[in-house]
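Report on the following structure.
Below, all heavy atoms of this structure are taken into account, side chains as well, without hydrogens, waters or symmetry copies. Owing to the predicted nature of the structure, the values given are computational and were not obtained by experimental measurement.
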Amino acid sequence: MAASTATTAGTRRSTPPPSNARGAKAARQRRLRAGRLFEQGLSQAEVARRLGTSPQNVSRWHAKWRQGGRVALAGPTRLGRPPRLSDSDWRRVERALLAGAQANGFDTDLWTLPRIAEVIWRTCGVSYHPGHVWWLLRRHRWSPQRPARRASERDEAEIARWRAEEWPRIKGGR
């Protein structure tokens, strides 16, 4: 919804309220809007007022706009450090994980974060701290799986007999 502001001449001009939205997408939209306002010949102070941002931001944006136009204000398509594993690297790691831990040279078929970090190192030559491996797995929609902890010597028939005969005797009744 647009807010109306009165000008000194008494006419009404419709301007959108300052954007308080956060995030990379909102920041990019603010910078591009500043570029359109610069092209209209507005002063930096007026652009700062209309966008609800600091004059320092607008000054930085104006310098970029003078050097490269609105394209320079668009910014990077992705923020942050580029990933160390490419998509093809991750597919290789994923194939190794699906093959199982024993197929990758471990004693048991249980995946742990240090083991996965080692598989990443072996397949791609990229070193990750085991604590960071968790974030990689989440980013690629892998969920933690915990094995059912059961003794290998477990005797189901003896357990059933004990529940049927011994437990009622120990528990007793009224």
Side-chain angles (χ1 to χ4, degrees), residues 16-39 47-48 51-163 167:
S19 172
N20 294 330
R22 296 186 188 268
K25 185 177 180 181
R28 181 177 192 269
Q29 289 173 343
R30 259 192 311 276
R31 290 191 310 269
L32 292 174
R33 183 150 185 259
R36 287 191 297 273
L37 295 174
F38 293 145
E39 289 169 356
V47 171
L51 296 180
T53 189
S54 70
Q56 292 86 354
N57 277 341
V58 175
S59 176
R60 237 185 0 258
W61 297 343
H62 190 262
K64 281 187 174 185
W65 175 76
R66 274 196 326 240
Q67 289 177 351
R70 266 197 278 171
V71 174
L73 291 175
T77 56
R78 183 185 183 287
L79 297 177
R81 188 176 191 168
R84 292 190 286 163
L85 285 180
S86 68
D87 290 339
S88 63
D89 289 339
W90 177 254
R91 283 192 294 275
R92 286 198 327 255
V93 169
E94 201 168 34
R95 280 194 299 272
L97 294 176
L98 290 171
Q102 286 181 326
N104 283 281
F106 298 104
D107 329 357
T108 64
D109 215 16
L110 177 67
W111 281 117
T112 62
L113 296 177
R115 285 181 176 187
I116 295 172
E118 187 174 330
V119 167
I120 292 172
W121 171 252
R122 284 187 207 161
T123 57
C124 304
V126 177
S127 175
Y128 277 108
H129 185 275
H132 186 73
V133 170
W134 165 246
W135 295 104
L136 278 175
L137 294 173
R138 281 188 57 196
R139 183 184 322 141
H140 291 283
R141 301 179 190 272
W142 279 67
S143 63
Q145 303 294 313
R146 297 183 191 265
R149 297 233 179 231
R150 299 240 167 130
S152 58
E153 305 86 20
R154 186 177 170 105
D155 183 359
E156 294 296 333
E158 177 60 23
I159 292 170
R161 186 204 61 79
W162 186 87
R163 280 189 184 149
W167 177 243

| request: Go through the steps to decide whether Trp61 and Val58 satisfy the test side chain to side chain contact (heavy atoms under 4.5 Å, CB included), and finish with yes or no. | output: CA-CA 5 Å; Trp61 297 343; Val58 175; 4.2 Å; yes
| said: Once rounded to the nearest 0.5 Å, what's the spacing between atom OG1 of Thr53 and atom CZ of Arg60? | reply: 8.0 Å
| request: Could you grab the distance from atom NE2 of His62 to atom CG of Asn57, nearest 0.5 Å is fine? | output: 14.5 Å
| task | Compute both the distance and the angle, then confirm whether Arg115 meets the cation-pi test with Tyr128: under 6.0 Å from the six-membered ring centre, within 45 degrees of the axis. | result | no
| query | Between Glu94 and Arg91, is there a side-chain N and carboxylate O pair less than 4.0 Å apart? | reply | no
Minimum heavy-atom distance between [X] and [Y], given as atom pair plus value:
X	Y	result
Asp89	Arg84	OD2-O, 4.2 Å
Leu73	Arg31	O-NE, 2.7 Å
Arg30	Leu51	O-CD1, 3.6 Å
Ala101	Asp109	N-OD1, 2.8 Å
Gly35	Arg70	CA-CG, 3.9 Å

Any donor-acceptor N/O pair, [X] side chain to [Y] backbone, under 3.5 Å:
X	Y	answer
Gln67	Ala72	no
Asn104	Ala96	yes
His140	Trp142	no

| request: Using a 4.5 Å cut-off on heavy atoms from C-beta on, say whether the side chain of Leu137 contacts that of Leu97. | output: yes
| Heavy-atom check, side chain of Arg154 versus side chain of Glu156, under 4.5 Å | yes
| request: Check the angle between the aromatic planes of Phe38 and Trp65 and answer parallel, tilted or perpendicular using the 30° and 60° thresholds. | output: tilted
| task | Among Val119, Thr112, Ile120, find the one that has a side chain to side chain contact (heavy atoms under 4.5 Å, CB included) with Ile116. | result | Ile120
